[in-house]
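Input: a single structure, listed below in structure tokens.
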Amino acid sequence: MDRLMGLLRLRVRRGINLAVRDTRSSDPYVVITMGEQKLKTGVVKNNCNPEWNEELTLCVADPDVPVKMIVHDKDTFTVDDKMGEAEIDLKPYLECVKKHVDVQPTGTVISRIQQNRKNCLAQESCIVWNNGKLVQDMCLQLKNVECGEVEVQLEWINVPGSKGL
């Protein structure tokens, strides 16, 4: 593995209009992978608009490795159903981290990323300097499913002794 560049705090906020996989609803949870790392949120019972509000932290060693997200429906007696997936390209965010924009007023928009066919954004996403941190809120349109979006936020954490950006 490459040397650690830093940590990425991923806040999985909520799901919006997720697909129904049980009789009337679903029991969704999110699995996040990046390279060999795998993390998951808790399960929200009977809710197609779940509020997770969970923070997951990934070690970033290679900016070319995307963050992959798969939403599943928890089932008791059968294999969990897939409820869509999305991928986060970290390069635009990491480019802003590299700029060392740490003298901006809170609320300053550092960059805007437009939705396109190559990303999973449901709408424009802004990278903002907020209270001493660079954050990016995004609403991701799930792929390979009939409906559903997931709101997440990225935040960079520098690690003392890491090679940084």
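Quick note: numbers below take in every heavy atom, side chains included, and nothing from hydrogens, waters or symmetry partners. Nothing fancy with the numbering, it's 1 onward along the sequence.
- Inter-residue side-chain proximity for Thr57 and Leu39 is flagged as unmet; no heavy-atom pair is nearer than 4.5 Å.
- Between Leu7 and Leu58 the shortest side-chain heavy-atom distance does not fall below 4.5 Å.
- Heavy-atom minimum distance, Pro50 versus Pro28: CG-CG, 3.6 Å.
- Although no hydrogens or angles enter the test, the distance criterion places a donor-acceptor pair under 3.5 Å between the side chain of Asp73 and the main chain of Asp27.
- With sequence neighbours left out, Thr106 forms a side-chain contact (heavy atoms from CB on, under 4.5 Å) with Asn130, Asn131.
- The salt bridge (charged side-chain N to carboxylate O under 4.0 Å, His left out) analysis of residues 50-61, with sequence neighbours excluded, yields the pairs Arg9-Glu55, Arg11-Glu55.
- The two residues Leu94 and Trp156 come nearest to each other via the heavy atoms CD2-CZ3, 3.5 Å.
- Between Ala19 and Cys48, the shortest heavy-atom distance links the atoms O-SG, 4.0 Å.
- Contact of the Ile110 side chain with the Val128 side chain is not registered, since no non-hydrogen atoms from C-beta on lie closer than 4.5 Å.
- Minimum interatomic distance between Gln114 and Glu124 (heavy atoms only, all atoms of both residues): NE2-OE2, 2.6 Å.
- In terms of the side-chain hydrogen bond (donor to acceptor under 3.5 Å, both in side chains) criterion, Asp64 has no residue partners (sequence neighbours excluded).
- The nearest pair of heavy atoms linking Ile127 to Cys96 is CD1-SG, 3.8 Å.
- When side chains are defined from C-beta on, Asn119 does not count as touching Met138, because their heavy atoms never get closer than 4.5 Å.
- Residues meeting the side-chain hydrogen bond (donor to acceptor under 3.5 Å, both in side chains) test with Ser125, sequence neighbours left out: Gln136.
- Under the 4.5 Å side-chain contact rule for hydrophobic residues, Val67 and Val135 do not share a cluster.
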Table please: side-chain donor-acceptor pairs of residues 30-37 below 3.5 Å, with sequence neighbours left out.
unit_1: Gln37; atom_1: OE1; unit_2: Cys59; atom_2: N; d: 2.8
unit_1: Gln37; atom_1: NE2; unit_2: Cys59; atom_2: O; d: 2.7

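- Connection of Ile88 to Leu8 is established within a shared hydrophobic cluster, with ILVMFWY side chains joined at heavy-atom distances below 4.5 Å, either directly or through further cluster members.
- In this structure, the separation between CD on Gln123 and CG on Leu140 is 10.0 Å, given to the nearest 0.5 Å.
- Two residues are said to be in side-chain contact when any heavy atoms from C-beta on lie closer than 4.5 Å; Asn47 and Asn49 meet this criterion.
- In this structure, the side chains of Leu18 and Leu142 come closer than 4.5 Å at one or more pairs of heavy atoms.
- Cluster membership for Val43 and Val150, using ILVMFWY side-chain heavy atoms within less than 4.5 angstrom, is not shared.
- For Asp89, the salt bridge (Lys or Arg N to Asp or Glu O under 4.0 Å) criterion is met by Lys91, not counting sequence neighbours.
- Here the closest heavy-atom approach between residue Leu10 and residue Val152 is recorded as CD1-CB, 4.3 Å.
- Taking hydrophobic clusters as Ile, Leu, Val, Met, Phe, Trp and Tyr residues chained together by side-chain heavy-atom distances below 4.5 Å, Val65 shares a cluster with Val60.
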Show, in sequence, the C-alpha distance, side-chain angles and deciding distance for Asp22 and Asp75, and conclude whether the side chain to side chain contact (heavy atoms under 4.5 Å, CB included) test is met. CA-CA 8 Å; Asp22 295 332; Asp75 286 326; 3.1 Å; yes

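- With sequence neighbours excluded, the residues forming a side-chain hydrogen bond (donor to acceptor under 3.5 Å, both in side chains) with Lys82 are Glu85, listed by chain and number.
- In this view, Lys118 and Asn116 satisfy the side-chain contact (heavy atoms from CB on, under 4.5 Å) rule, not counting sequence neighbours.
- The distance from the NZ atom of Lys40 to the NZ atom of Lys74 is 6.0 Å, given to the nearest 0.5 Å.
- Sequence neighbours left out, the pairs with a member in residues 7-65 that pass ring pair (Phe, Tyr, Trp, His ring centres under 6.0 Å) are Tyr29-His72.
- Pairs engaging residues 129-141 under the salt bridge (charged side-chain N to carboxylate O under 4.0 Å, His left out) rule: Arg13-Asp137, Lys133-Glu155 [sequence neighbours left out].
- Sorted by first and then second residue, the pairs that involve residues 138-151 and meet salt bridge (charged side-chain N to carboxylate O under 4.0 Å, His left out), not counting sequence neighbours, are Arg14-Glu151, Arg21-Glu146.
- Applying the ring pair (Phe, Tyr, Trp, His ring centres under 6.0 Å) test to every pair with at least one member in residues 4-28, sequence neighbours left out, gives no pairs at all.
- Linking Ile, Leu, Val, Met, Phe, Trp and Tyr whenever their side-chain heavy atoms come within less than 4.5 Å leaves Val71 and Ile16 in two separate clusters.
- Annotation: side chain of Glu95 is not in contact with side chain of Ser111 (no heavy-atom distance under 4.5 Å).
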